[in-house]
Amino acid sequence: MKSYFRGRHFINLEDFDREEVDTLLEVSFDLKKKFAMGEATPYLLYKTLFLIFFEQSTRTRNSMEAGLAQLGGHANYLDSSTMQVSHGETAKDTAVILSGFGHAIACRYCNWGYGNRYLTEMARWAKVPVMNLQCDLYHPFQALADLMTMKEKFGRLDRLKVSIIWAYAESHKKPISVPVSQVLLFPRYGMDVVLAHPKGWELPDWVIAQARGNAEKYGGTVTVTDDEEAAYRGAHVVIPKNWGNWVTDQTGLAAAGAVKVVDEKLLAHRSWKCTQEKMAWTDRDGVYMHALPADRNHEVEDEVIDGPRSVVYDEAENRLHTAKAVMTLLMGGR
Ligand code: CP
């Protein structure tokens, strides 16, 4: 078991090897059990974490705030629009100042082409761990909670067929960071990962190359297809979720509100919705997962997300336990 985490940044799960991700999972399960038993876990007494949000959040913000309170510390929520970053204060200055006031910094910044650069720049200057609460490229907390949920539901990860499927949505152009983190992580656990999307919603080539490299190293597989039915057939886990057309959106126009969420190209793929009929194609024990929030009746029928195969609420709850594990190991630990 690798247990050296103290002081490290948590920007991308690729920065942690398999044994280290195993440790994160083990600690998550331990904290979940202790939470269920009402056992106190005062691992981060008097520690302060700054949470900077450039965008909205329900699960991420509250899993961090509640999680740190349960560990005996305090999370300070910062809406970026009320910070001097909105007047142009640099990532460096923000990181150095907040480092002097507490024990870690966490940030969500999903703007295409900006988010990961901002987080990386903060990590360069911060004297405390910097955690990624979702950027334009990665959502490591989500991918870790997904891994935990699959381990709970199946008792194994090896040889699971896990299909990450693009889905139609009208709510907003969702970042690619969830499917990117999933397609990179899951092959490291020997899963047979299928990435299915219509033409025009490709993930960057370097992501697929890196995911295939991970598959080769750890015994998983990665298949990319535009055949939605093939992705559902026999899958143990399906994750039908929207992501934006990053090739268009990386211009920054989407972030500036200059690109319509619903256009003709998107409307042509309305059929990419998770339905009961499609769920019937999955394995007998196949489950439906989604990071949430879901665009109900566009991405998925109510009958599926509220049905017996849906594990979305367990998946969301696991955001708490995995967040606590990451904070404990990075901010405390040895
Ligand atoms: N899945 C997720 O990150 O949810 P929030 O946007 O509510 O934080």
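Note that ligands are numbered from 1 as they come in the structure, with each ligand's atoms numbered from 1 the same way. Residues: numbered from 1 along the sequence shown.
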Discussion item. A cation-pi test, strictly: NZ or CZ of Arg18 under 6.0 Å from the centre of the six-membered ring of Tyr189 and no more than 45 degrees from its axis. Yes or no?
Written reply: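 Judged by the rule (NZ or CZ under 6.0 Å from the ring centre, within 45° of its axis), Arg18 counts as positioned above Tyr189.
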Worksheet entry | Partner set under ring-ring contact (aromatic ring centres under 6.0 Å, His included) for Phe54, not counting sequence neighbours |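 Partners of Phe54 under the ring-ring contact (aromatic ring centres under 6.0 Å, His included) test: Tyr109, Tyr118.
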Exercise for the section: Please list, chain by chain and in numerical order, all residues satisfying side chain to side chain donor-acceptor pair (under 3.5 Å) with Ser3, sequence neighbours excluded. Expected result: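 Checked Ser3 against side chain to side chain donor-acceptor pair (under 3.5 Å); matches are Arg334.
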*With sequence neighbours excluded, what pairs up with Lys241 under the side chain to side chain donor-acceptor pair (under 3.5 Å) test?*
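Side chain to side chain donor-acceptor pair (under 3.5 Å) check on Lys241 returns nothing, list empty.
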Close-range residues for ligand 1, whose non-hydrogen atoms fall below the 4.0 Å threshold: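 Lining ligand 1 at under 4.0 Å, by heavy atoms, one finds Ser57, Thr58, Arg59, Thr60, Arg108, His139, Gln142, Ala291, Leu292, Arg319.
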For the pair Tyr288 and His290, name the ring-plane relationship: parallel under 30°, tilted 30 to 60°, perpendicular over 60°.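 Correct class here is tilted.
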Practice task
Could you tell me whether the side chains of Tyr77 and Asn62 share a donor-acceptor contact shorter than 3.5 Å?
Solution key: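 Checked: Tyr77/Asn62 side chains show no N/O donor-acceptor pair below 3.5 Å.
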